[in-house]
Asks: 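Shown below is the structure under consideration.
Here the structure is a predicted model, which means the values were calculated and not measured. For this chain, numbers begin at 1 and follow the sequence in order.
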Amino acid sequence: MDIVISIASKIAESLVTPIGREFGYLIYYDTNMKDLKDELKQLFEMKDGVQELVNAAKRNGEVINPDVQSWLTSVNKLIQKVLHFEEEVNMKRRFLYRWNISKKATKITQDVRHLQKERTFNNNVAHPAPPPMIWSTFKEGFKDFKSRMTCVNSVIEVLKNEEVRMIGICGMGGVGKTTMVKEIIKRLAGLKVFDNVVIAVVSQSPSIRKIQSEIAEQLGFTYDKEDTESGRALRLYGTLMEISRILIVLDDVWTELDFEAIGLPSGLTHKGCKVLLTSRNLEVCNAMGSREIFTIPVLTPEESWELFREIIGQPLDYPDLAKRVTNECAGLPIAILTVAKALENKRKYEWDDALKQLQSSAPGSISSMNDRVYSSIQWSYDRLESDEAKLCLLLCCLFPEDYDIPIEYLVRYGWGRGYFSNTDSVEEARNRVHSLVDKLQRRFLLLDSELEDHTKMHDIVRDVAIQIASRDPHRFLIRCDAEKKGWPKIYDHYTTISLIPINIDEIPVGLDCPKLELLHLEGERYSENSMDIMCKGMKKLKVLALVDMRGISALPSSLGLLKSLRTLSLNGCRYLTNISDVIGSLENLEILSFRECVDMLELPREIGLLKHLRLLDVTGCDSLQKIPHGLLSSLSSLEELYMENSFHNWEQSVAESEDKRMASLVEVMSLSNHLKVLVLEIPDFNFFPKDIYLTIQTTIRFHISNRTFLPWFIARTPSTRTGCYAFENRLDIVKSDATEFMEIQTVRLLFKKCEDLILQEIKNLKYVLNELDQEVLQRLKVLRIWECPEIEYLVNGASCSQQTAFPLIQSIELEEMPELRAICHGQLPQSSFINLRSLELHKCPVLKYVFSLSVASNLVQLQSLRVAFCPQMKEIVSKEWREHETASDIIAFPKLTNLTLNYLSDEFVGFYEANKLYSNHEVTTPEDQNVVGTSYDEHQSSRSFERAVFPSKCILWLQNLEQVKLECSNVDVFFNLKGHMVRDGQAVPAFSHLQNLFIGYSRCQHLWKNIPRGFQGFQNLRYLKIEGSGDLQYVFPHSIARLLVNLEELNIAHCWEMETIVRSADENEKQDQTSMTLFPKLNSFDLHWLPSLESLCPDASTSLWSAAKVMSVERCYKLKTLASVIPQIKKLEKDSTAHHEDEDEGISSGSCGCTPYSCGPMTKPTSRRNIVQILPRPVNQEVAPTNLDQDSNDYDNLERLSVQSCESLEVVFQLKGPKAVESHNVQAFNKLCYLLLNQLPSLMHVWETGGSPHITGFGNLTFLSVSHCGSLRYLFSSTVAKLLISLKDLQVWNCEKIEQVIAEADTECVDQEITFRQLNSITLEDLPNLICFSIEAYTLKFPCLRELKVIRCPDLRTFASKVVNAHSVIKVQTELGKSEWMGDLNSTIGNIHEKRRLNSNEIVEI
């Protein structure tokens, strides 16, 4: 029995315990719910603390620890769980659900406590980030090292400070000042801080005229060469004063500059003008009045090592040795680059030797450079493989700092000095020099220039090279401030002298330079007597260059003393007219250049005596009228003749008198046995005799033209006129008859060698390749044809031989071709056009398509395609009637990156129309087994055909497009993604390289359509601009918008039917949009002239838009809300919680989890008192797993906001404070510094806070302007006023209903103090109902107020009801002019009102 009782007792115990626990869930329902709330509150406090630590760490560039990331992720998952539970509680209110809810609450409470215990880390949430990885070479620009980014960000922030006018960036030469400045300029452009930014390089010897010219050119104007410096300064000053916000960057400043002499306004005269200096001398920045000076340090050892490894670009076999070499470079980027380049692919003993020499070098004293920097560049110089490379580098020292050095100067100077061994011609020397320059650039001893056939030299490398050149055996003297220092006092040991600019009349009497071989002079002053002294004292001179010596009108007879002279360059001596017979006595002269001697009328016959002359250059001598007959033919050694934009009076028939005879082309042809380069301009190709052949050697290069006038599209082409002497064979034929010039054997031979062909206004030419002889155009690389009225095809395949058409062609440009029907007609041999990289078609009125399928299959190298003003264009690729549809399956344009389509016809159906011969609709049925469609419509015949720029058939053709522009061309769809392709079972992301998309004034109903589920693509789109697309009702389907994670700029304008930016998500999309942030990297967001726009994201569900840094909204008449564009609070509620919050405040946002900024008429819904809130408000989910690796976890990025002419907008910022948990503040717009509101007639509130004091933010707002807002009664509440601690300029205009600036407060806010710490200017204008600034009993303080404008405010009698604390003296202005400051604001306002009343009475009496 005891056993039975015992068993029964155990059973009862086992039953009672769980039953009791289950009943406990019901009994302790309220307790369990309270416990959950309390524990959640503690957890939130923990999370907020951790989040603040995380934010601080990320701002410092540190990496968040994995355990912290994991804990925050777990907390966010729990929050989602509680949100769903909270929704369940509010849905299941009946008593029978209390047991289940209480049980779940207990379980969640346990989870919360578990997370609280898991928070084992202290305040150590992050660790220092390693130096950023360098993934590109230095040539590509700025590297975001931590040591650099801190300075960049600091400079940008200081530049935003309106009080700062001048900033200096200092550092030693080569540390990266200029590179950093360029990065700062690039970032400022994205931020739109300035209306304009200009940069001028000052250098060690500043030239005021050069600085003025550089700035003027960037501002869009040029000076006349004869303008005085003072006149130029006045013009520049006037132009700069007209630009409200401009940054002037003065790079490489060595001495204090006179801004007035240059024409730069001071900060006092132009508050919007800021100056950014870079200098090697901190004292210079101080002397010029820099408010802030930033010193750039050298790279840290870690950064130096990372840079060194990236330059080497391969696994290091000797890492320890490499680190020691890197350390010897002392953290200077330019030193690291030069040494690393020199050690590429070198063996260990070379590394050991390099380290030894870097450690043991004993450099001379160089200002602003330490020994290690000098030794690294010296070492790199010593490691150059040849003396030729070293001498080439030293020749670059002859030119000023930051100079674009013509490579041709190096060729001619080096040839004159005899630098090049084993070269039998100037052409071979030119090839050698170009090869050497390339090598020096790869070693970073020289730099690329923006000009063709030019190079540049870094200042520090130049300093070192000058020191090397000044020593034996070179003995160079280089002065680029010779105008100040004059001719050297000791000169007898120099071999090379360069003086820029120099007054040649200051040459000392008795000058003797027995060793001098090269003299380079630039300057305007000149005297014949000084020239005589110079020639008599430099009898061993081999190279004489007088560049831009405007004072020279005639060559002195003493020039004949220079019997050793091999190179004479008189480039730019524009007033030189008299070339005496002395020139014939220079018996060893080999190079003679009169380039740009624009006043020279005649070449003397004595030039024909120069039997050793190899090169004659008269390029740009456009006044040259006479070259005596027989002169050219007597130059028996001439290798190169340059006559572009020069002599045109070629003899065609024999003149009566021998003295009147001119040079003829027969003479030129007689030189063909030894001529290697020929540049001519002739009146007509018929000037070539038909019965005499020009023997063209295999190596000859030529540029021959019959063009006498240079239009802009020719003038921009690199040629000898632009300093480019390494051109390819070019023929330029204009206004000629093809049947005539093709009969000339010399012309046919030129065609055979031609690589660059220009044809303009050519008659009797129908098929280019067929009629110009297919065999003679096999070398052609560039073809440009303009205004040829009869051309129908470039190639007619029907009459073409089996030889490949244009096998080497790289670029084709066809413009104004009235009869052009296609690029080619009929089938072409394989490999035709196979090297084509660029094609431009412009104004071809009958052209219907660009390529046939057969030609398109060859275009694997095509990179750029531009089609414009072709009114009958139907498609880019077309299937000709003989071609099979399956031919399209092998089409691909793997290198096409740039596509521009402008002004095409309404008949344009898209890039390609599939199966057009069988139906008028698109059918896509690829047969490739590895490529299948995911959602093909097998029965498309039931619907009408949609014209798509990119139909689905073309998606795989164009995978590498980077830039697309469509302008004034109408289609139905831009991207038709129906049947998006997959390959080998994997989805192919569409247009994954596309970065820029512009659509202008083109009617289009959809940008994206027929998007298959799971579609991927467009992830690298950065810039999108849509303008004038009249039929477009929305921009993005939600499924596309969510993919654009790298979008930086969005500009939409003049789209009359545009109703929303992001279209409502359909059922398939809604499941993908939870917690999704749209456009997280958006910097600039502009909406202009969208009269039908009602919303930006009507049902974004839980999606949020990241805040753009700059946002402008203008003329969006129906727009009532800026919902979900700018994050109104830093920590947003999500999902159903946000929805319930909206209900409480009388605003329903539907399925959008974003509280609107403004809304329509507010209606109070049902009471919310029965709604249960479990989570503290607001719910902070700022850091989610997807955000932890981004640059910032704070999407509150807005810096500038402009809203204008939006008739329906009622509220700008809607900031409803939390009620459930008052300890949590709403943080909003912490970075906003500029706010402009204009012509918003329905605006009721700028800020709507709901009366809550728990609002923070707006602490950086410095400028606030509100105008023409007729419904506005006040500007801001006292809560908001207290936030505006940085406000400097307040402007309120033409707001007829406004009664006060600061609104009436609740009783709890009375008697508070409001301080506008930095406000220095208040403008109140045309405010007929303004009573006062504030009627409440606030104590208002304006410690920095300096200016007050009160204009046409008739009811303003007092400033504030209580004593106002302001600056002792304030400048006051009214509509009557300046007004007296009465000692305080209230007295001053009262005085203004009284004067206004008296003035009105006087007017009435009159």
Asks: With no hydrogens and no angle check, do the side chains of Gln995 and Glu962 hold a donor and an acceptor under 3.5 Å apart?
Replies: no
Asks: Please step through side-chain contact (heavy atoms from CB on, under 4.5 Å) for the pair Lys1009 and Lys978, ending with a clear verdict.
Replies: CA-CA 7 Å; Lys1009 192 175 182 183; Lys978 187 176 183 63; over 6 Å; no
Asks: Distance only, no hydrogens: is a donor on one side chain within 3.5 Å (strictly under) of an acceptor on the other, for Lys895 and Gln863?
Replies: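 No.
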Asks: Distance under 6.0 Å and angle within 45° of the ring axis: does Arg701 meet both against Phe727?
Replies: yes
Asks: Just so I know, are the side chains of Phe991 and Val964 near enough to count as touching, which here means a heavy-atom distance under 4.5 Å?
Replies: no
Asks: Would Thr722 and Glu452 count as having a side-chain donor-acceptor pair, cut-off 3.5 Å?
Replies: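 The criterion, which ignores hydrogens and geometry beyond distance, is not satisfied for Glu452 and Thr722.
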Asks: Between the side chain of Thr720 and the main-chain N/O of Tyr725, is any donor-acceptor distance below 3.5 Å?
Replies: no
Asks: Using atom types as modelled and distance alone, determine if a side-chain donor or acceptor of Asn960 lies under 3.5 Å from a backbone N or O of Pro894.
Replies: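 At least one qualifying donor-acceptor pair exists.
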Asks: Identify the heavy atoms of Thr804 and Ser831 that sit nearest to each other, and give their distance.
Replies: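 So the minimum-distance heavy-atom pair works out to CG2-O, 3.3 Å.
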Asks: Of the non-hydrogen atoms in Ile700 and Leu675, which two are nearest, and what is the gap between them?
Replies: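 Between these two residues, the closest heavy atoms are CD1-O, 3.8 Å.
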Asks: A side-chain contact here means heavy atoms from C-beta on lying under 4.5 Å apart; do Leu994 and Phe975 qualify?
Replies: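 In short, these two side chains touch, coming nearer than 4.5 Å.
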Asks: Salt-bridged, Asp756 to Arg784, with N to O below 4.0 Å?
Replies: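 Salt bridge: yes.
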Asks: Determine yes or no for a side-chain-to-main-chain donor-acceptor pair under 3.5 angstrom, with Asn729 supplying the side chain and Phe702 the backbone.
Replies: yes
Asks: Only counting residues at least two apart or in another chain, list the ones meeting side-chain hydrogen bond (donor to acceptor under 3.5 Å, both in side chains) with Glu428.
Replies: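 For Glu428 there are no side-chain hydrogen bond (donor to acceptor under 3.5 Å, both in side chains) partners, ignoring immediate neighbours.
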Asks: Does the side chain of Phe751 reach to within under 4.5 Å of the side chain of Leu757, using non-hydrogen atoms?
Replies: yes
Asks: Is the shortest heavy-atom distance from the side chain of Val860 to the side chain of Ile834 under 4.5 Å?
Replies: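 In contact.
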Asks: Nearest 0.5 Å, what's the OH-NZ distance between Tyr912 and Lys879?
Replies: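 Output value for this atom pair is 6.0 Å.
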Asks: Do Leu836 and Phe806 have side chains that get closer than 4.5 Å, going by heavy atoms?
Replies: no
Asks: Please give me the minimum heavy-atom distance between Tyr793 and Cys824, naming the atom from each residue.
Replies: CD2-C, 3.9 Å
Asks: Leu814 vs Leu794, test: side-chain contact (heavy atoms from CB on, under 4.5 Å). Steps then yes/no.
Replies: CA-CA 10 Å; Leu814 308 176; Leu794 294 186; 4.1 Å; yes
Asks: Do you know which of Glu819, Glu790, Glu792 makes salt bridge (Lys or Arg N to Asp or Glu O under 4.0 Å) with Lys766?
Replies: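 Of the listed residues Glu819, Glu790, Glu792, the salt bridge (Lys or Arg N to Asp or Glu O under 4.0 Å) partner of Lys766 is Glu792.
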Asks: With a 3.5 Å distance limit and no angle check, can you tell me whether Ser736 reaches the backbone of Ile762 through a side-chain donor-acceptor pair?
Replies: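 Answer holds: no.
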Asks: I want to check something: taking the side chain as every heavy atom from C-beta on, are Val795 and Ile823 in contact at a cut-off of under 4.5 Å?
Replies: no
Asks: Have Ser449 and Asp404 got a donor and an acceptor in their side chains that come within less than 3.5 Å?
Replies: yes
Asks: Taking the side chain as C-beta and beyond, is there a heavy-atom pair between Phe833 and Ile812 under 4.5 Å?
Replies: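 With C-beta onward as the side chain, the pair touches.
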Asks: Do you know the tightest heavy-atom contact between Arg730 and Ile758?
Replies: CD-CD1, 4.3 Å
Asks: What distance separates Gln810 CD from Gln861 CD, expressed to the nearest 0.5 Å?
Replies: 9.0 Å
Asks: Once you measure the plane-to-plane angle for Phe950 and Phe974, does it fall in the parallel (<30°), tilted (30-60°) or perpendicular (>60°) bin?
Replies: perpendicular
Asks: Show the nearest heavy-atom pair for residues Glu427 and Val677, with the distance to one decimal.
Replies: OE1-CG2, 3.7 Å
Asks: Which value, rounded to the nearest 0.5 Å, describes the distance between Asn858 atom CG and Asn835 atom CG?
Replies: 10.5 Å
Asks: Report the distance from atom CG of Leu901 to atom OG of Ser969, rounding to the nearest 0.5 Å.
Replies: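 These two atoms lie 6.5 Å from each other.
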Asks: Is any side-chain heavy atom of Val877 less than 4.5 Å from a side-chain heavy atom of Ile891?
Replies: no
Asks: For Val734, does its backbone N or O pair with a side-chain atom of Asn706 as donor and acceptor, under 3.5 Å?
Replies: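 Answer holds: yes.
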Asks: Who passes side-chain hydrogen bond (donor to acceptor under 3.5 Å, both in side chains) against Glu640, sequence neighbours left out?
Replies: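 Partners of Glu640 under the side-chain hydrogen bond (donor to acceptor under 3.5 Å, both in side chains) test: Arg430, Tyr642.
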Asks: Without swapping roles, check the side chain of Glu1048 against the backbone of Arg1022 for a donor-acceptor pair under 3.5 Å.
Replies: no
Asks: Show, in sequence, the C-alpha distance, side-chain angles and deciding distance for Asp453 and Glu408, and conclude whether the side-chain contact (heavy atoms from CB on, under 4.5 Å) test is met.
Replies: CA-CA 8 Å; Asp453 274 6; Glu408 187 65 15; over 6 Å; no
Asks: With Met817 as reference, evaluate Ile791, Leu847, Leu841 under the side-chain contact (heavy atoms from CB on, under 4.5 Å) test and give the passing residue.
Replies: Ile791
Asks: Answer yes or no: is there an ion pair linking Lys781 with Glu728, defined by an N-O contact shorter than 4.0 Å?
Replies: yes
Asks: Do any N or O atoms from the side chain of Asp972 and from the backbone of Ala948 form a donor-acceptor pair under 3.5 angstrom?
Replies: no
Asks: Shortest non-hydrogen contact from Pro845 to Pro871?
Replies: CA-CD, 3.6 Å
Asks: Got a sec, which residues hit salt bridge (charged side-chain N to carboxylate O under 4.0 Å, His left out) with Lys186, two or more places apart in sequence or on another chain?
Replies: Glu183
Asks: Can you tell me how far CD of Glu875 sits from OH of Tyr849, rounded to the nearest 0.5 angstrom?
Replies: 9.0 Å
Asks: Could you go step by step and tell me if Leu446 and Met457 meet the side-chain contact (heavy atoms from CB on, under 4.5 Å) rule?
Replies: CA-CA 5 Å; Leu446 290 179; Met457 199 175 202; 3.9 Å; yes
Asks: About how many Å separate CZ of Arg837 and OG of Ser864, when rounded to the nearest 0.5 Å?
Replies: 12.5 Å
Asks: Would you confirm whether Glu681, through its side chain, and Asn645, through its main-chain N or O, come within 3.5 Å as a donor-acceptor pair?
Replies: yes
Asks: Taking atom types as modelled, is there a side-chain donor on Tyr1001 or Glu967 under 3.5 Å from an acceptor on the other?
Replies: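 Note: Tyr1001 and Glu967 side chains miss the donor-acceptor criterion.
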Asks: Can you label the angle between the Phe851 ring and the Phe893 ring as parallel, tilted or perpendicular, going by 30° and 60°?
Replies: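 Rings of Phe851 and Phe893: tilted, as their planes differ by 30° to 60°.
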Asks: Return yes if some donor-acceptor pair links the side-chain N/O of Ser992 with the main-chain N/O of Ala990 below 3.5 Å, else return no.
Replies: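 Not a single qualifying donor-acceptor pair exists.
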Asks: For Gln218, look at atom CD and say whether over 12 heavy atoms of other residues, nucleotides or ligands are found less than 6.0 Å away.
Replies: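 Atom CD in Gln218 is crowded, with more than 12 foreign heavy atoms closer than 6.0 Å.
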